[in-house]
Amino acid sequence: MDIDEAMGLALDEARAAAAAGDVPVGAVLLGPDGHVVGVARNRREELGDATAHAELLVISQRSRELADWRLDGHTLVVTLEPCPMCAMAAVWARISTIVYGAADLKAGGAWSLYNIPQDERLNHRCELVAGVRADEAAELLGSFFDRRRRPGPSAAR
């Protein structure tokens with residue numbers, strides 16, 4: 001599967017997160033052969049868990065399936081630049097490549113504020129590909145937060 005198609009799946013997951021009242025972030029994990037081996041969306045609200053970010057969920061899912069925390073050769077495709085927690089998890093899991101859509105200028109851990117995946121002080125580095133379908137991802141996030149800020153019965157709480 002190519003990266004654009006994988007980002008399309010991640011965007012579908014992000015839409016599902018928004019429909020469930022969570023921040024619309026979706027993630028897809030591609031195996032070393034380029035096939036989809038996992039999908040996840042933010043589930044913090046659903047699970048009441050601050051760590052239930054799409055990236056952590058998909059990494060955990062795949063690690064359990066393989067019974068191995070090492071995900072060498074895998075590509076993480078996510079709609080929003082990973083936060084520092086998720087960026088570090090990708091490094092610890094030995095993810096080879098992180099592909100993201102929209103930059104996160106307030107909490108980005110993979111370029112905007114920090115560049116954890118490529119920090120030379122760490123024992124593993126991930127290749128970064130930024131801006132894939134960024135406009136779609138940014139629009140999804142922007143409209144979600146606009147609805148939350150709007151008073152009235154249609155606003156998500």
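Side chains included, hydrogens not; waters and symmetry mates left out as well; all remaining heavy atoms used.
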Are the side chain of [X] and the backbone N or O of [Y] linked by a donor-acceptor pair below 3.5 Å?
X: T79; Y: G26; value: yes
X: E46; Y: R43; value: no
X: R125; Y: N123; value: no
X: N42; Y: V23; value: yes
X: S143; Y: L140; value: yes
X: E81; Y: A110; value: yes
X: D119; Y: R121; value: yes

Exercise. Return yes when atom CG of D135 has more than 12 non-hydrogen atoms of other residues, nucleotides or ligands closer than 6.0 Å, and no otherwise.
Key: no

Self-check item: Chi angles and distances behind the side-chain contact (heavy atoms from CB on, under 4.5 Å) call for L122, M88
Solution: CA-CA 10 Å; L122 301 173; M88 197 67 227; 3.9 Å; yes

Quiz item: Quick one: do D68 and R70 make a salt bridge, cutoff under 4.0 Å?
Solution: yes

Quiz item: Salt bridge or not for D22 and R41, using N-O below 4.0 Å?
Solution: no

Quiz item: Shared ILVMFWY cluster between L71 and I98, side chains joined below 4.5 angstrom?
Solution: yes

Quiz prompt | From CA spacing to verdict: side-chain contact (heavy atoms from CB on, under 4.5 Å), E139, E136 | solution = CA-CA 5 Å; E139 171 59 31; E136 289 175 75; 5.8 Å; no

Practice problem: With side-chain contact (heavy atoms from CB on, under 4.5 Å) as the test, would you mind laying out the steps for V91 and C126 before giving the verdict? | Solution: CA-CA 7 Å; V91 170; C126 308; 4.1 Å; yes

Can you tell me how far the [atom1] atom of [X] sits from the [atom2] atom of [Y], to the nearest 0.5 Å?
X: L113; Y: L105; atom1: CG; atom2: CG; value: 7.5 Å
X: S60; Y: W69; atom1: OG; atom2: CH2; value: 13.5 Å
X: S96; Y: L30; atom1: OG; atom2: CG; value: 11.5 Å

Quiz item: Going through the distances and angles, do V36 and M1 end up as a side-chain contact (heavy atoms from CB on, under 4.5 Å)?
Solution: CA-CA 7 Å; V36 175; M1 170 171 285; 3.5 Å; yes

